[in-house]
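What follows is a single structure, written as structure tokens, with notes after it.
Heavy atoms only: backbone and side chains are in, while hydrogens, waters and symmetry mates are out.
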Amino acid sequence: MSKYRKMADEILTALGGSSNIASYTNCMTRLRVTPVNRGNINEQKIKEIDGVVGTVDDETYQIILGPGVVTKVADQFGAAIEETKGQGSASDYEAKGADIKQELKKKNSTPFKTFLRKIGSIFIPLIPAFVGAGLIAGIASILANNITAGNLSEETWQQYVTILNVIKNAIFSYLVIYVGINAAKEFGATPALGGVIGGVTLLTGATPEMPITNIFTGEALSAGQGGIIGVLIAVYLLAMVEKFLRRWIPDAIDIIVTPTIVLLLIGLLTIFIIMPFAGLISDNLIGAINWTLDRGGAFAGFVLGTTFLPLVMLGLHQVLIPIHIEMINISGMTVLLPILAMSGAGQVGATLALWIKCRKNTQLTNLIKGALPVGVLGIGEPLIYGVILPLGRPFITACIGGGIGGAVVGIFGNIGAIAIGPSGMALIPLIADGMWFKYILGLLAGYSGGFILTYFFGVPKEAMVNTADSAEKEVEIEAEKGFSISDKGAVVMPFEGEVKPLEEVPDAVFSSKLMGDGFAIEPVNDTLVSPIDGEVVSVFPTKHAIGLKSKDGLELLIHVGLETVSLKGEGFTSLAKEGQEVKKGTPLLKIDLDYIKKNAVSTITPVIFTNLAEGTSVKLLKTGYQEQGSAGVIALELP
């Protein structure tokens with residue numbers, strides 16, 4: 001078995017198996033999974049898998065693996081899913097996970113975040129093509145410059161430059177078509193129609209002798225006017241019109257009538273309204289950025305360099321791709337990209353400082369060894385999520401280091417990239433007009449700033465500990481106690497009633513321990529109380545489930561009854577709020593026990609420990625009837 005298949009199998013198991021995977025895809029660095037039930041994901045186990053850099057819990061669940069590795073693991077992940085199909089139905093879990101998914105959707109799907117995710121989903125699949133074609137364009141540019149300078153023979157080398165440009169132009173000359181196709185997928189339109197509308201902006205067939213006139217200015221329209229922004233607007237409108245027509249056009253003629261009307265209507269709208277209007281917007285937007293950079297100098301560079309890493313962390317950086325493309329279309333280069341690239345230099349410098357000061361921390365240094373090379377080449381997510389962000393302070397010093405590099409680039413001014421590509425050292429061939437040495441000075445400033453600030457101010461003491469020694473001591477202490485997270489009195493009974501093993505819950509999601517180990521109780525009273533000292537982290541909209549977190553990090557989910565999500569809150573009265581500090585015995589929920597008995601499958605209440613360390617199990621010390629608040633009923637036992 002290859003190591004990539006082994007990783008894929010381990011990831012799939014930790015995600016809850018193939019039945020818990022609704023869909024998946026991957027970008028340059030992450031495996032992006034849409035789970036049926038997030039409660040089935042063992043995040044701690046995923047993070048412990050060799051090769052996993054980190055995770056991001058967003059609208060999709062994202063597992064960061066790094067460039068190169070992710071494509072190999074994604075292929076094996078798909079194969080593993082196919083081989084394990086039939087081991088459970090996704091629809092069986094979907095209803096049980098609906099409350100969790102609804103809560104996450106409510107928290108994560110603001111209109112602004114949804115818009116940014118769509119923008120990212122349109123452009124992220126194109127980034128490998130941008131990278132490859134951009135580097136090819138850089139090589140062609142270097143050769144062309146040397147031909148012009150007389151260093152290379154035009155007769156010998158010009159043909160190679162032409163061939164490289166043909167390859168490069170396959171993406172950049174027809175980029176609007178690719179964007180149109182991807183945008184149509186995101187907006188819910190037919191991809192082929194989106195591609196056609198993107199192609200309309202190229203004005204194929206219009207000539208200088210027979211131009212199409214701009215109805216606002218009387219001048220001839222330019223091919224590509226409005227660029228990517230215009231295409232996004234046009235395809236969004238196309239999706240709306242197509243969906244409307246398909247509701248009314250009879251099926252027998254839909255395939256003929258709908259595409260014809262959509263293309264004619266949106267095509268005319270694109271040529272005569274959207275292209276001139278989007279061109280006005282993009283011209284003014286690029287003008288505003290250039291104005292800021294021209295007058296801002298070092299200050300503008302520092303601000304942009306400092307703030308870009310948080311944008312990457314939040315996934316907001318993808319929205320800048322259309323701006324880069326428009327700047328390249330208008331002026332032949334993007335002066336934003338070299339400045340923003342300094343943020344990567346800051347985190348590389350910060351990581352080098354961590355490597356030196358934390359050399360006793362073998363786990364951290366091994367992670368740095370794997371993530372640093374790609375960070376130098378401009379792929380920064382492994383460093384962000386795997387190294388500097390988890391440690392806290394290095395993330396701040398890395399941001400400031402990036403600002404220092406950005407300030408240096410800002411002082412020089414007019415340093416631009418002729419194409420979009422990775423930042424870091426990999427961007428050097430794409431720097432226009434022989435300004436690459438000034439870009440390198442910016443990189444060196446970013447490296448130095450991140451390194452110095454982190455070395456003296458950004459290294460947490462706990463990061464310098466020898467992980468092997470600390471782990472051994474921790475195991476010794478736990479072995480003496482016999483319990484890994486909690487002692488026998490740390491968890492008290494939340495209800496009065498009969499305590500049962502989790503395996504006796506008549507629901508496979510709980511009894512199979514897919515959501516975690518725990519126990520169950522058949523309540524006989526009407527008030528649920530907190531079994532731990534800690535905090536209420538979630539109260540589901542239907543009130544039937546509550547999430548808690550203890551002061552030492554233990555996470556619990558209390559799910560009152562089975563299939564009680566269908567009651568839509570009837571029979572439940574919340575007595576606690578999210579974020580509220582609670583003690584053992586603090587009332588959390590009032591229930592109408594008779595109503596739940598009549599209208600739900602069961603009143604049995606699973607209490608699940610969702611973040612137990614691998615191998616740790618819940619041991620029932622007592623079963624049968626237990627009073628509310630009684631201790632010593634369970635213990636968390638080491639393997």
Backbone N or O of [Y] within a donor-acceptor pair of the [X] side chain at under 3.5 Å?
X: D254; Y: P250; answer: no
X: Y439; Y: G424; answer: yes
X: T201; Y: G198; answer: yes
X: T397; Y: P394; answer: yes
X: S343; Y: L340; answer: yes
X: N20; Y: N37; answer: yes

**Prompt:** So does Y160 have more than 12 non-hydrogen atoms from other groups sitting under 6.0 Å from OH?
**Reply:**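 Result for OH/Y160: open.
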**Message:** For I255, is the CD1 atom crowded, meaning more than 12 foreign heavy atoms sit under 6.0 Å from it?
**Reply:**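 No, because the 6.0 Å sphere around CD1 of I255 holds 12 heavy atoms or fewer from other groups.
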Out of curiosity, [X] [atom1] to [Y] [atom2], how far, rounded to the nearest 0.5 Å?
X: W436; Y: L427; atom1: CH2; atom2: CG; result: 14.0 Å
X: I404; Y: M342; atom1: CD1; atom2: CE; result: 12.5 Å
X: F302; Y: T307; atom1: CZ; atom2: OG1; result: 9.5 Å
X: I233; Y: I266; atom1: CD1; atom2: CD1; result: 12.0 Å
X: L12; Y: L31; atom1: CG; atom2: CG; result: 10.0 Å
X: L268; Y: I274; atom1: CG; atom2: CD1; result: 11.0 Å

Closest non-hydrogen atom pair between [X] and [Y], with its separation:
X: L232; Y: F187; value: O-CE1, 3.8 Å
X: T306; Y: G403; value: OG1-CA, 3.2 Å
X: I249; Y: I253; value: CG2-CG1, 3.8 Å
X: I197; Y: A234; value: CG2-CB, 3.6 Å
X: I411; Y: A298; value: CG1-CB, 3.4 Å
X: A398; Y: I388; value: CB-CD1, 3.9 Å

Tell me, do [X] and [Y] make a side-chain contact under 4.5 Å, heavy atoms counted?
X: L265; Y: V241; answer: yes
X: M333; Y: I415; answer: no
X: Q347; Y: Y447; answer: no
X: K438; Y: V409; answer: no
X: T270; Y: V231; answer: no
X: I46; Y: L15; answer: yes
X: P259; Y: L193; answer: yes
X: V176; Y: L202; answer: yes

**Request:** Just do the side chain to side chain contact (heavy atoms under 4.5 Å, CB included) check on T34 and Y61 with the steps written out, would you?
**Result:** CA-CA 6 Å; T34 302; Y61 190 84; over 6 Å; no
**Request:** Verify side chain to side chain contact (heavy atoms under 4.5 Å, CB included) between I215 and I273, making sure each step is shown before the conclusion.
**Result:** CA-CA 8 Å; I215 63 174; I273 303 295; 3.9 Å; yes
**Message:** Run L443 and V348 through side chain to side chain contact (heavy atoms under 4.5 Å, CB included) and show every step you take.
**Reply:** CA-CA 10 Å; L443 283 178; V348 167; over 6 Å; no
**Request:** List for me each residue that meets side-chain hydrogen bond (donor to acceptor under 3.5 Å, both in side chains) alongside Y178, sequence neighbours excluded, and say none if there are none.
**Result:**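 Testing Y178 for side-chain hydrogen bond (donor to acceptor under 3.5 Å, both in side chains), a comparison that skips the adjacent residues, returns none.
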**Item:** I212 and F272: CA distance, side-chain angles, deciding distance, side chain to side chain contact (heavy atoms under 4.5 Å, CB included) verdict
**Value:** CA-CA 9 Å; I212 297 175; F272 292 110; 4.0 Å; yes
**Prompt:** Can you check side-chain hydrogen bond (donor to acceptor under 3.5 Å, both in side chains) on E242 and T190, steps first, answer last?
**Reply:** CA-CA 8 Å; E242 184 181 0; T190 301; 2.4 Å; yes
**Request:** Dump the intermediate steps for side-chain hydrogen bond (donor to acceptor under 3.5 Å, both in side chains) on E578 and S538, then the final yes or no.
**Result:** CA-CA 5 Å; E578 290 185 1; S538 63; 5.4 Å; no
